[in-house]
Structures are given as C-alpha cells and as structure tokens.
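Below is one structure, written out as structure tokens; the observations come after it.
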Amino acid sequence: MTIDELFQRATYFLFNKKNILFLLLFVNLSVFSQNESRDTIALILKEYVKTKQAHLPQKAFLIAEKTKIDSVIKQTYILFGMKSFFNKDLANLTLTEKKLRTFFIKTKDSFALGKQYYYKALFFKVLNSGDNLAKADSSLYYLSESKSISLQLKDSLEAGRRLLSISSLQHREKDFFGCESSIIEGLRLLEPLGEVFFTGLLYERLGNVMFRLERQEEARKNYLKFFELQKKIPNIKLKYEKVRLQLHLAKTYEAEGNYTKSIEYFNKCLLVANLKIEHTYRYEAALEGFSYGHFMLGNKKLALKGYLEVLKSRQSRGYKRGLIWSYAVLGQLHASNNETKRAIFFIKKSLQTAKELLTTTKKSENLLLLSKLVRGEKGRKYLEERTQLNDSLYKRERILKNKFTKVRYETEKKDKENIALKLENTRKQLALETERQHKIIGFLSAGASILFLGFGASIVTNRRKKLVFEAKMKQIEVREKERQRIAKSLHDEVAGDIRMLHLELTKRKQLEEAKKLAIIKGTVRNLSHQLSSESFEKVSFKNQIINLVSDFFEIDFKIKVQEIDAVNWKDVNNSIKRILFLVIRESIQNSKTHAVASEVILNFKQTKKALTLTVSDNGKGFNTASKKAGIGLKNMQERIEEVNGTFSIESTLDKGTRIYIEISTNGR
C-alpha cells in the first residue's frame, strides 16, 4: 500500500460521519472506564490505610494495569508504595519498587526510576530501625541516586524532598555537619519555588542541627522561620503548630540551663486546650520537659508527679521509645533522693527497653549511672560496658561519616561522569541530526519541486476551466440576447398582426375563426413571455422568486422558500440566475399540473465553491428510469449541465419528487 493510499484511507476514516460518532462514543466510554478504575483504586487505597490488608496493593495494581494507561499505572504504584512504607509492609514496598523498575524499563520514564530508588531507600530505612550501619549506608546511597535523577529532570521539588530525607538520616546517625550541608542544598532548590511545606521542614531540621551543635540562638531563629512558613499552609491547625514551635524553643533554653525560661514555654504548651487528646505525644513531651525543669530547680515533688503521669500515658499507648526516657528520668530523680533501689529499678528498665529496640538512646548515661549505684564487680562491669559502648559509638560515627562522605563523593563523581557521557551523546546526536537534516532537506527540495510542478499544473488546469466557464457564460449571454430579440419580435410584430387580424374577423362577424385566432394569439404571447429574460438588474432574484410564487398561489397549493437569504445573489452570474429561475418555474408547473402536489419546497444553500437548489414536492411521483421523460425535465438538465452543474432527480409514487441541483460559482 502506498503512502497516498494510506493517507486517503486515514482521511476517509477521520471524516466519515459514522466513524466520528463511533470515535466519540469510544472516547466517552474510555473516559468513563478510566474514571471508574480510578475511583475503585481510591477506595482500595482507603481500605489499605485503614485495615493494612496485604493483598490490597496487588489488587489495585491489577486494576491499574488493565487500563493500559501509563499515568494511572505509575500513580497507583507511587501511592501504594508510600502507604506500604507507612504501614511498614515490607513485602508490598518491595513489590512496588520492582513494579516501578519494570515500568521504567518499559516506558523509559526517569521519574518512575527516581521513585523506585526512593522506595528502595525507604525499605532499608525500615530495616534500619536499630543500629544497622549497612542499612543506613544503603538507604543513603539510594536516596542520593533518587536525588540525582530528580536534578537531571530539573525537578527541584522532588530533589528537595530527597535532600530532606537524606538530612533526616544524617541527623539520626549524628552526621550533623553533613546534615547541615544537605539542608542548605535543599533550601537552595525549594525556596525559589515558593514552596512552604517541605521548605518549612528543612528549616525545622536545620534548627535541630543547630540544637545538637549547641548553637541555640541560631536554632531558635530557624524554628521561628519554620513556624512562619507553617502559617502559610491552608487549613492547618495553627495552635498545635505553635505548640510544636514552643517545644523546640523550650528545649533550646533547657540546653542553655535557663530552666525558668524553658518551664515558661513548656507551660504554654500544657495550657493549650485538647492537646492531651489531640496530640498526646506533644503533651507528654511538654509535661516531661516541665517536670525536668522543676527537678533541676529543686522542686522534686512536682517533678515526680509529672514524670509518673507521663510514664502512665506512655505505658497505656505502648510507646516504648518514650519509655526509655521516662524510666531514665525517674531513675535520676530517685538517685538524687538517695532512693538507690528505686533508682536502679528504673535505670535497668530504661536500659532493657533500649536494648529491646536496638537503640543506643540513653544507654551510655544509664550504664554510667548504674556503675555509680551498683557496688562491687557488677558496678565495674557496667562501667566497662559503658566504655566499650562509647568506643563503638565513636567508631561507628567516624565510619558512618566516612561512609556518607564516600557516598557523596561517589554520587558527585557519577554525576560528573554522567554529564560527560551526556555531552558526548549530545555531540553524537547532533552529528546524526545534522546528517538526518541534510537528507530531509534533500527530500524536501525534491518534494517541493514536485509540489511546485503540481501546483503549476493545478493553476493551469483551473485557469483553463475558468476560461471555458467564462466562454460558456458569454455564449449563454449571446443566446439570451437572441431569445430576447425573438421574444420581442413575437410580442410586437407577430402578436400585433394577429391582434389586427382578430379585430378584422370580429368586425366581419366571423366569430368561429376569431375564436381560433384568439387561441393562437394567447399561445404566441405565452411563448414570447417564456423566451423573454427576467431582468435581475432591476428586480432582485429573491423578488423575482416571490413574484413567481405569487403567480402560482392557490389555497390548496403552497410554495415554501427556505434559506434564500443565505445566498449572496449579487455575486451570482445573471445567466445562472435565469437558468435557476426557469428550472424553478418549470418544476413548480410540473408539481402542480402533473404531480397534483399540495406543497412545494424550494431550499437554497451556498458554500465557498458552489450553489445548491433542492426542489421537492409531496405529489404523486413517477418512474425516473422510464425513457419517456418529459421535454421539460430534459430541458432543465441540459440548461444545468450547460453551466457545468449537476442535475439529479429522485421520485417515488408515495413520497413525491425531489430535484437536486448544484452549480459551481467559480467555474471549477
């Protein structure tokens, strides 16, 4: 099949009315199906968040994949991947990561690859709930890869979010200087976007870093920037975000030893209505800080009351990480009161809980306190364990910092290599593109020459058709003038002579002969009227048609004229107008006399190239295949074809007759 044939078939398909209707129906059904699938997936996601049933993500994936719409499939993977992470559903988090990898291989969608690396990092983050150095290293690596892809895509928002995750990991592993560097890089990407949510979180984390580096004044400035951005988030419960700010500020004053100021801020938090119910963990943090401040100021009774309430709250909700702190501070308080047994009991509980969670939080402090409270060999062993722990922590931090530095170095090195490869690929692509363009230019030049020749031939052909059309119009005008001369001769000379003869016969009382001559006189007069041309210069075509309709008007014979004003009659050649007038007159006469119709409809239409006329009646039809067609129909067809028009007729015995005429107005 040639290119031209393919183009013709495609054009026919696109512009065929039935196919257009089918296409619209198909699109509507497709959109409905897509919306139905999206709604179903949304319901499954809601159910998964609520119940955490492991089979739901796979069910959603099957529905999305059946749509065969890449955007729906990708979005489904991404949504369920995040929910799998929040549900700590490692099996489905791994499945999502693999699905995204397959999707990338199929579509080459780099955004999907970046998400795949991100979910791989989240997988190792879940595994790294304890002190697993290898998992932290892997998590950082995949986060860095995901960030690099986002930067290559110039997606500053996604890159900024990855840097927020990287800084979180670095903060957890006490790589505070690396964390600060990642935060600054993230702020440089997000702040120009005017984005507030993730930008605010970066400022909050920067405050946390300054807090750990004992730069409390800087920490407070960053916390305040965080809160200013929180104010811009729509529909946020600002009173609870203010509690979040005040907790941060209170901890900075506590770290400086300004317990009066820290108690003031902790107390502001405790006075917020419904905090204990709506944000229990913040209420616990505020009460614990409030109690610790009073403990350091010597008000141990008030401190003990607060500590015990916090302990009870954390035990009731099973918050073990918080219990490490509750047991530890209670141990310190009892130790300060020389209540050794109670102190040892709570310190051991804190140490045991920390070991269960595989975390070093408070371990060193607890071991040091136990070494002081427990006498003899056991106390010495606690001190030895503490020394070994500190050594391992120091070694771990040093190794981890080196690892993180190495990961950053390797990532930057890979980025540079990728840039170099991109430049080389770009150079090769430019060379190939230049070669391809030269070929295209050659083809276009040849094509342009062919088109030019074709265009020239088309112009010549159209010009020739126009000249032939104009020549025909002149012939019709000449013939029209001859008809007018004959009509005038018949009317003025022949009809005049017959009239004089008729008068003479009447005077001589030859009435029978006079009657016959009157009939001949009427025939000659009608013939002269038929031959005479209607003047469309003095009376418009529309008015001529109105006069014609009036001549034929009878109560039981109606003529309707439709869309006559849709035609610009001033631009239509007078010869064409006369032909149309004669055809209309003949058609009305036939409908009234032969078809015995009660209604005739004249319908006009005009396009840029042609003028159409449809004459239809409700009379009795005739067999159009019969060879005994009347001379009137033959004359109509000949007149229309004479001006390069088309003439067709349809007729049935029960539905009447319909004549369709189309005449080109530009001769083509």
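Side-chain atoms are counted along with the backbone in the values below, which use heavy atoms only and exclude waters and symmetry mates. For reference, positions follow the sequence shown, starting with 1.
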Looking at [Y] and [X], is there a salt bridge between them, counting it only when a charged N and a carboxylate O are closer than 4.0 Å?
{"X": "Arg188", "Y": "Glu185", "value": "no"}
{"X": "Glu218", "Y": "Arg215", "value": "yes"}
{"X": "Glu158", "Y": "Arg162", "value": "yes"}
{"X": "Glu217", "Y": "Arg220", "value": "yes"}
{"X": "Lys261", "Y": "Glu256", "value": "no"}

Got a sec: does the [atom1] of [X] have more than 12 other heavy atoms crowding it under 6.0 Å?
{"X": "Lys225", "atom1": "NZ", "answer": "no"}
{"X": "Arg317", "atom1": "CZ", "answer": "yes"}
{"X": "Lys83", "atom1": "NZ", "answer": "no"}
{"X": "Lys300", "atom1": "NZ", "answer": "yes"}

Nearest heavy-atom pair of [X] and [Y]: which atoms, and what distance?
{"X": "Ala54", "Y": "Gln58", "value": "O-NE2, 4.3 Å"}
{"X": "Ser326", "Y": "Arg314", "value": "OG-NH1, 2.9 Å"}
{"X": "Ser71", "Y": "Arg38", "value": "OG-NH2, 4.2 Å"}
{"X": "Cys179", "Y": "Val209", "value": "SG-CG2, 3.3 Å"}
{"X": "Leu369", "Y": "Gln332", "value": "CD2-CG, 4.0 Å"}
{"X": "Glu254", "Y": "Ser262", "value": "N-CB, 3.8 Å"}

Next on the checklist: Once side chain to side chain contact (heavy atoms under 4.5 Å, CB included) is applied, do any residues pair with Thr94, and if so which ones, sequence neighbours excluded?
Outcome noted: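 For Thr94, the residues satisfying side chain to side chain contact (heavy atoms under 4.5 Å, CB included) (neighbours in sequence not counted) are Glu97, Lys98, Phe123.
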Checklist entry - Mind checking what makes side chain to side chain contact (heavy atoms under 4.5 Å, CB included) contact with Ala42, not counting sequence neighbours? => result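 With sequence neighbours excluded, Ala42 shows a side chain to side chain contact (heavy atoms under 4.5 Å, CB included) to no residue whatsoever.
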Could you tell me the separation between the [atom1] atom of [X] and the [atom2] atom of [Y], rounded to the nearest 0.5 Å?
{"X": "Leu189", "Y": "Ile184", "atom1": "CG", "atom2": "CD1", "value": "11.5 Å"}
{"X": "Ile69", "Y": "Ser37", "atom1": "CD1", "atom2": "OG", "value": "7.0 Å"}
{"X": "Lys147", "Y": "Leu140", "atom1": "NZ", "atom2": "CG", "value": "9.5 Å"}
{"X": "Leu45", "Y": "Met82", "atom1": "CG", "atom2": "CE", "value": "11.5 Å"}
{"X": "Lys378", "Y": "Ile344", "atom1": "NZ", "atom2": "CD1", "value": "9.5 Å"}
{"X": "Ile347", "Y": "Tyr327", "atom1": "CD1", "atom2": "OH", "value": "12.0 Å"}

Is any side-chain heavy atom of [Y] closer than 4.5 Å to one of [X]?
{"X": "Leu100", "Y": "Tyr117", "result": "no"}
{"X": "Tyr77", "Y": "Ile73", "result": "yes"}
{"X": "Glu228", "Y": "Leu224", "result": "no"}
{"X": "Lys120", "Y": "Leu93", "result": "no"}
{"X": "Glu180", "Y": "Phe176", "result": "no"}
{"X": "Lys125", "Y": "Phe85", "result": "yes"}
{"X": "Asn92", "Y": "Tyr48", "result": "yes"}
{"X": "Asp89", "Y": "Lys52", "result": "no"}

Item to check | Plane angle bin for Tyr240 and His279 - parallel if under 30°, tilted between 30 and 60°, otherwise perpendicular | outcome: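 Tilted: the ring planes of His279 and Tyr240 meet at 30° to 60°.
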Checklist entry - What orientation do Phe295 and Tyr292 show, parallel under 30°, tilted 30 to 60°, or perpendicular over 60°? => result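 Rings of Phe295 and Tyr292: tilted, 30 to 60°.
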Item to check | Counterpart residues, ring pair (Phe, Tyr, Trp, His ring centres under 6.0 Å), relative to Tyr265 (two or more places apart) | outcome: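 Ring pair (Phe, Tyr, Trp, His ring centres under 6.0 Å) list for Tyr265, sorted by chain: Tyr253.
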Item to check | Check against salt bridge (Lys or Arg N to Asp or Glu O under 4.0 Å), Glu204 and Arg244 | outcome: CA-CA 10 Å; Glu204 183 182 36; Arg244 186 171 171 179; 2.7 Å; yes
Return a table of donor-acceptor pairs under 3.5 angstrom between the side chains of residues 304-313 and protein atoms on other chains or two or more places apart.
unit_1, atom_1, unit_2, atom_2, d
Glu309, OE2, Lys276, NZ, 3.3
Glu309, OE2, Tyr283, OH, 3.0
Ser313, OG, Glu284, OE2, 2.5

Report yes or no: does [X] contribute a side-chain atom to a donor-acceptor pair with the main-chain N or O of [Y] at less than 3.5 Å?
{"X": "Thr67", "Y": "Ile63", "result": "no"}
{"X": "Thr76", "Y": "Val72", "result": "yes"}
{"X": "Glu195", "Y": "Thr199", "result": "yes"}
{"X": "Ser350", "Y": "Phe346", "result": "no"}

Checklist entry - Does the side chain to side chain donor-acceptor pair (under 3.5 Å) test come out yes or no for Gln152 and Ser110, once each step is laid out? => result CA-CA 9 Å; Gln152 289 170 21; Ser110 297; over 6 Å; no
Next on the checklist: Could you go through Glu384 and Arg380, starting from their C-alpha distance and side-chain angles, then the distance that decides it, and tell me whether this counts as salt bridge (Lys or Arg N to Asp or Glu O under 4.0 Å)?
Outcome noted: CA-CA 6 Å; Glu384 185 179 335; Arg380 190 187 65 77; 3.2 Å; yes
Checklist entry - Going through the checks in order, is the side-chain contact (heavy atoms from CB on, under 4.5 Å) test met by Phe80 and Asn87? => result CA-CA 10 Å; Phe80 278 88; Asn87 288 348; over 6 Å; no
Next on the checklist: So, applying side-chain contact (heavy atoms from CB on, under 4.5 Å) with Leu190, which one of Leu201, Leu163, Leu202, Leu164 is it?
Outcome noted: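 Result for side-chain contact (heavy atoms from CB on, under 4.5 Å) with Leu190: Leu202.
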Item to check | Summary of salt bridge (charged side-chain N to carboxylate O under 4.0 Å, His left out) pairs that have at least one residue in residues 57-69, sequence neighbours excluded | outcome: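 Residue pairs passing salt bridge (charged side-chain N to carboxylate O under 4.0 Å, His left out), neighbours aside: Glu65-Lys99.
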Checklist entry - Does the pair Lys174 and Arg212 meet the rule for a side-chain contact (heavy atoms from CB on, under 4.5 Å), with working shown? => result CA-CA 9 Å; Lys174 298 181 178 61; Arg212 297 300 294 269; 3.9 Å; yes
Item to check | side-chain contact (heavy atoms from CB on, under 4.5 Å) between Lys372 and Leu368, worked out | outcome: CA-CA 7 Å; Lys372 293 177 181 179; Leu368 179 61; 4.1 Å; yes
Checklist entry - Can you list the steps and then say if Tyr119 with Ile78 is a side-chain contact (heavy atoms from CB on, under 4.5 Å)? => result CA-CA 9 Å; Tyr119 289 159; Ile78 291 170; 3.5 Å; yes
Item to check | Pair listing, ring-ring contact (aromatic ring centres under 6.0 Å, His included) test, anchored in residues 179-226, at least two apart | outcome: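 Output for this query lists Tyr223-His248.
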